[in-house]
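As structure tokens, the structure follows; a few thoughts come after it.
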Amino acid sequence: MQVLNFDTIVIGSGLAGLAAAYHASKHGTVAILSKSQLDTSNSYYAQGGIAGAITDEDSPELHYHDTVVAGRGLCEKEAVQLLVTEGRDRILELIELGMQFDKKDGEYVLGLEGGHSKRRILHAGGDATGKALTCFLLQIVKEQPTISSFEYTAATKLLIDEGQCTGVQAIDFISGKSMIVTAKASILATGGLSRLFSRTTNPHTATGDGIALAYDAGAELADMEFIQFHPSALSLKDKDAFLISEAVRGEGAWLLNTNGERFMKEVHPLAELAPRDIVAFSIYRQMQKLKSPHIYLSMKHMDPEKTKTRFSTIYNKLKEYGYDMTTDLLPIAPAAHYMVGGIKTDLNGETNISGLFACGEVASTGVMGANRLASNSLLECLVFGKRASEQAAKRKAATHQQIIQGGLSNDPKNEQAFLQIKNKIADLMSDKVGIVRNGKQLQETIIELEAMSKQLPSKTTDYNELKTKQILQICLLITRSALLREESRGGHIREDYQHESPDFRLHIIQQKNKEPLFIPIQT
Ligand code: FAD
Ligand code: SIN
């Protein structure tokens, strides 16, 4: 088996991975492994933009306040402090490097999204911020002589030796061969897992691989029950849940129920711009009440030319679906969008396993609390990608003897069976562990997932079988944690425990072969 060695391995090429690799490249050699093309990631599809308190009317203090309010008592304040202060520095650094955010008359045009008390969302190409940002950083990364990239190469196991992470085992989908990559430090930047739900805004890469790899290696996971459902994803039978950015509501779009009523005005003083958990749940209730599979988003009252220019990507995509967003009512419903919890890290992205780091959507730094404030995640990628890589650079070379383990094979014949079971699990998760949960359904789901897991062999050498096991494991982690949290808070809503409980101002920590822990908020 091919064995390669680098100072740092970065797994994932979304914004967190690219930021981590760029900063790590100043300290030594870096390998980026990405299971798809380098530019396939959640980051690439980001629309609204990146939040940053960069104007005189705004301040990190206000951004901090909005983040903590949205997080519903579960934010770790030190982490949020870093997010809003270093976040501003990271944005200014990118601008210094040449990143172009949208401007008008020489001033940045700032967007507004749910839960923000100020216009502070920088965007690029109107609603193509993710594409602009990732392509910009990708170009910089490609120019660094110390960085080597491995596309279509999926990490399949973390190598743990005497309690330290010494690298990864991976499979190269082009050659079909397994490989070993060793390093002083491995940084997981594998993104989220919303693709494990049947209605999702995420691309196919978001299957929670990093969560499964880290859990299997003994890492602590935090707050797995918190999945953020985005309020406004297109809802058309047999079509993808294409995201229609919250920034559209920031410019004045309305949410109407199927009776044509603007219901959010009754629910929250910020109406359509209330925090995301509140809007998504209110839409769900309207859909239940009126027995409708969707509600509507309306921009009919807005300036059509402005809408077309500001949201040209969304406008063109909706045209493909036969809708004109300036004149038609758009059928929308919530869809799984963002993994709020994840691999527990400290403020430097370090996990409980020496040599293993995590950043971006896969990590749980404590900044997001029980509900992420819109457009804070690209910022988190930049801030904690840098912090993780700098901490990783401080590590000394491991002195152990690497044990080379057996590899995996990828038989394309097994892919169809994998997709079938994946879709079945995604339907189960959407039905019973979706936007509203209850104890009975959570218990039923655990029984069903455990039964499916038991049918699989304990060890496997087939990639698709490994993926099935990983997906079942992750869904069990989400569901068990959702059952344990006997309250409703942020993105976790229980019909049988409808209120926030002060007893649950805590993180739920899960670790392999250990009972779950309840850790009070630290700051
Ligand atoms: P990703 O960008 O998802 O990157 C993960 C990478 O890991 C991918 O390259 C993937 O291929 C790779 N990978 C996964 N598993 C493996 C493996 N086993 N081996 C090797 N590689 C692997 N947030 C905002 O702040 N503002 C927005 O406007 C915004 N809009 C959004 C719009 C959409 C449609 C979506 C889906 C999300 C949006 N978000 C937004 C959320 C935000 O985009 C993500 O949270 C963020 O980009 C995550 O970045 P990441 O680098 O952690 O993960
Ligand atoms: C959006 O543009 O609505 C997505 C923003 C986000 O997920 O932060």
Side-chain angles (χ1 to χ4, degrees), residues 9-20 32-52 87 111 113-116 121-124 127-131 133-134 137-138 150-158 168-171 173 188-195 200-213 228 230-233 240-250 276 279 311 313-314 335-340 342 358-363 368 372-382 384-385 463 466-467 470:
I9 304 168
V10 176
I11 306 159
S13 57
L15 194 63
L18 294 174
I32 302 180
L33 309 187
S34 190
K35 70 175 174 180
S36 53
Q37 278 176 211
L38 291 178
D39 62 2
T40 306
S41 60
N42 278 8
S43 301
Y44 185 88
Y45 292 99
Q47 295 179 351
I50 181 164
E113 290 179 32
H116 288 275
I121 322 287
L122 287 129
H123 45 83
D127 54 359
T129 312
K131 183 176 170 188
L133 255 180
T134 47
L137 253 189
L138 202 48
F150 300 84
E151 283 185 307
Y152 301 107
T153 302
T156 51
K157 191 172 182 58
L158 295 172
V168 300
Q169 186 177 81
I171 183 163
F173 292 129
L188 284 165
T190 48
L193 51 70
S194 293
R195 202 72 197 188
T200 175
T201 61
N202 287 197
H204 68 89
T205 43
T207 49
D209 301 20
I211 299 277
L213 296 174
Q228 183 172 73
H230 195 290
S232 51
D240 282 347
F242 173 66
L243 183 79
I244 305 176
S245 176
E246 199 156 300
V248 171
R249 277 175 277 136
R276 202 169 271 183
V279 181
F311 301 109
T313 310
I314 301 173
H337 181 65
Y338 181 84
M339 171 75 223
V340 178
C359 57
E361 192 169 336
V362 74
M368 302 307 180
R372 173 175 67 97
L373 184 68
S375 286
N376 262 355
S377 48
L378 294 177
L379 195 65
E380 186 193 29
C381 291
L382 294 182
F384 291 95
Y463 177 71
L466 173 78
K467 284 295 302 165
Q470 287 184 335

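Everything numeric in this text was worked out from a predicted model, so none of it was measured. Counting starts at 1 for both ligands and their atoms, in listed order.
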Examine ligand 1 and decide if any of its atoms is less than 4.0 Å from a heavy atom belonging to [X].
| X | result |
| --- | --- |
| R372 | yes |
| T156 | no |
| E380 | no |
| S13 | yes |
| I50 | no |

Is there at least one pair of N or O atoms, one from D209 and one from ligand 1, spaced under 3.5 Å apart?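 So ligand 1 has an N or O lying under 3.5 Å from an N or O of D209.
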Atom 48 (C) of ligand 1: nearest protein contact (heavy atom, Å):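 Scanning the protein heavy atoms, the shortest distance from atom 48 (C) of ligand 1 goes to E361 OE1, 3.6 Å.
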So, applying side-chain contact (heavy atoms from CB on, under 4.5 Å) with Y338, which one of R276, H230, E361 is it?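 Of the listed options, the one satisfying the test is E361.
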Which pairs of N or O atoms, one from ligand 2 and one from the protein, are separated by less than 3.5 Å, and what is the distance for each pair?
| residue | atom | partner | partner atom | Å |
| --- | --- | --- | --- | --- |
| ligand 2 | 2 (O) | G48 | N | 2.9 |
| ligand 2 | 2 (O) | S245 | OG | 2.7 |
| ligand 2 | 3 (O) | H230 | NE2 | 2.8 |
| ligand 2 | 3 (O) | E246 | N | 2.7 |
| ligand 2 | 7 (O) | R276 | NH1 | 3.0 |
| ligand 2 | 7 (O) | R276 | NH2 | 3.4 |
| ligand 2 | 7 (O) | H337 | NE2 | 2.7 |
| ligand 2 | 7 (O) | R372 | NH2 | 2.8 |
| ligand 2 | 8 (O) | R372 | NH1 | 2.7 |
| ligand 2 | 8 (O) | R372 | NH2 | 3.4 |
| ligand 2 | 8 (O) | S375 | N | 2.6 |

Could you pull out the closest heavy-atom pair between N42 and A206, with the gap in Å?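 Heavy atoms of N42 and A206 come nearest at OD1-CB, 3.8 Å.
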Have a look at S43, S194, S34 and point out the one with the heavy atom closest to atom 49 (O) of ligand 1.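 Minimum heavy-atom distance to atom 49 (O) of ligand 1 goes to S43.
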Nearest option to atom 40 (C) of ligand 1, as decided by whichever heavy atom of A155, A247, A51, S377 sits closest: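 Ranked by closest heavy atom to atom 40 (C) of ligand 1, first place is S377.
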